[in-house]
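Here's the structure, in structure tokens; my notes come after.
First listed ligand is number 1; within each ligand, the first listed atom is number 1.
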Amino acid sequence: MKSKEILKQMKPYKPGKQIEEVKREYGLDKIVKLASNENPFGFSPQVKQQLPDLLAQLEKYPDGYAATLREKVASFLNVEEEQLIFGNGSDEVVQIICRTFLEPGVNTIMATPTFPQYRHNALIEGAEVREVPVIEGHHNLEEMLQQVDEYTRVIWLCTPNNPTGVHITKSALNHFMEKCPSHVLVVIDEAYYEYVETEDVFDSIHGLQKHENLMVLRTFSKAYGLAGLRVGYGVANRTVIHSLEPAREPFNTSTIAQAAAIIALDDQSFIDETTGENRSNKQDLFAFLNENKLDYYESEANFVLIHLPISGDDMFEHLLSKGFIVRSGEALGIPNSIRLTIGKKEDMALLQQEMKQKLEGHLK
Ligand SMILES: *Cc1c(COP(=O)(O)O)cnc(C)c1O
């Protein structure tokens, strides 16, 4: 048997440590997972309440077009239903975009470090991947434009960027869209959209009216807390969606995921409360980091990339032994750092103590 050459050089995605795994290894009762930017407050209680109803008719295939969810999201965003494509998480929408637009002989441009799935799926399609290093956590948009040629098919902009947490400003993105040639699809991944506090953001959904070559990705996995159900979506102009549809699996979002997403979207008070709590806990963390003169990026998301005077792996191991799962920067391409999802207030307080203890003697 012979698999594709490119796959032999690639590694499967390495997820953050699993809770049960750490419990067993370290003999701990309580584990706080702050590694995958999940919502520490769970998901809308409305979803839980209505869960029994969601279990009806599991013998039937889901509605492949996700008509009810489609109607809901279209009206929520004030776009046409034909402007949407749903995926088994926005991860799958990334895959569909790559299947549609990328092949050997063309190229795609992205920041580094950024969300790894753009690169991963592009490589599988045989496209050339052009990675432009971030500057202080920010996309280097000028250099990304410089890299465009007639063979460029897709540019990925992740805002706020995972793993740095910083966002692209309104004027920077406006300028970028003006300058970017129209043969290039610009995908703006807004997985952390609901967390963004600053007003200085590009109105991407509105931007679709002006830019035929724009696509926006959103997800129910982060602020909506439904990562386990796998549902995300893309918004673009009809022509883009039409070209994507043949590359989508016919039943790619489950009945339960569609139904839960509808209920979750209706409960905006859950989003307001939990993103509010997130911001407050993030400010506390910033205060702690400032106090201890630890460097970090000003995150607009629900996670923070913290620079350390020691290796990220060391801090990761230390926190793991205390029951906190975080992401080591070494694994994300930023040595001597960790990426930390903002958790509950009481957990964050304990975590800060543990960090401080580990850094004893290293702090300025
Ligand atoms: C988590 C994340 C996603 C993927 O979310 P799913 O909808 O769960 O697939 C996409 N983009 C970024 C930047 C993310 O951090």
Parallel, tilted or perpendicular: which fits the ring planes of Tyr118 and Trp156, with parallel below 30° and perpendicular above 60°? parallel
Are Glu128 and Arg130 ion-paired here, with the side-chain N under 4.0 Å from a carboxylate O? yes
If you look only at distance, which donor and acceptor atoms sit under 3.5 Å apart when one is on a side chain in residues 72-82 and the other is two or more places apart or in another chain?
residue : atom : partner : partner atom : Å
Lys72   : NZ   : Asp266  : OD1          : 3.1
Lys72   : NZ   : Asp266  : OD2          : 3.0

How would you list, by chain and number, the residues with a heavy atom under 4.0 angstrom from ligand 1? Gly89, Ser90, Asp91, Phe115, Cys158, Asn162, Asp189, Ala191, Tyr192, Thr219, Ser221, Lys222, Arg230
Would you please name every residue forming a side-chain contact (heavy atoms from CB on, under 4.5 Å) with Ala349, sequence neighbours left out? none
Does Lys358 come within less than 4.0 Å of Asp314, counting only side-chain N to carboxylate O? no
Show the atom names and distances, to 0.1 Å, of all donor-acceptor pairs under 3.5 Å that link a side chain in residues 135-143 to residues at least two apart or in another chain.
residue : atom : partner : partner atom : Å
His139  : NE2  : Cys158  : N            : 3.2
Asn140  : OD1  : Glu143  : N            : 3.2
Glu142  : OE2  : His175  : NE2          : 3.3
Glu143  : OE2  : Gln147  : NE2          : 2.9

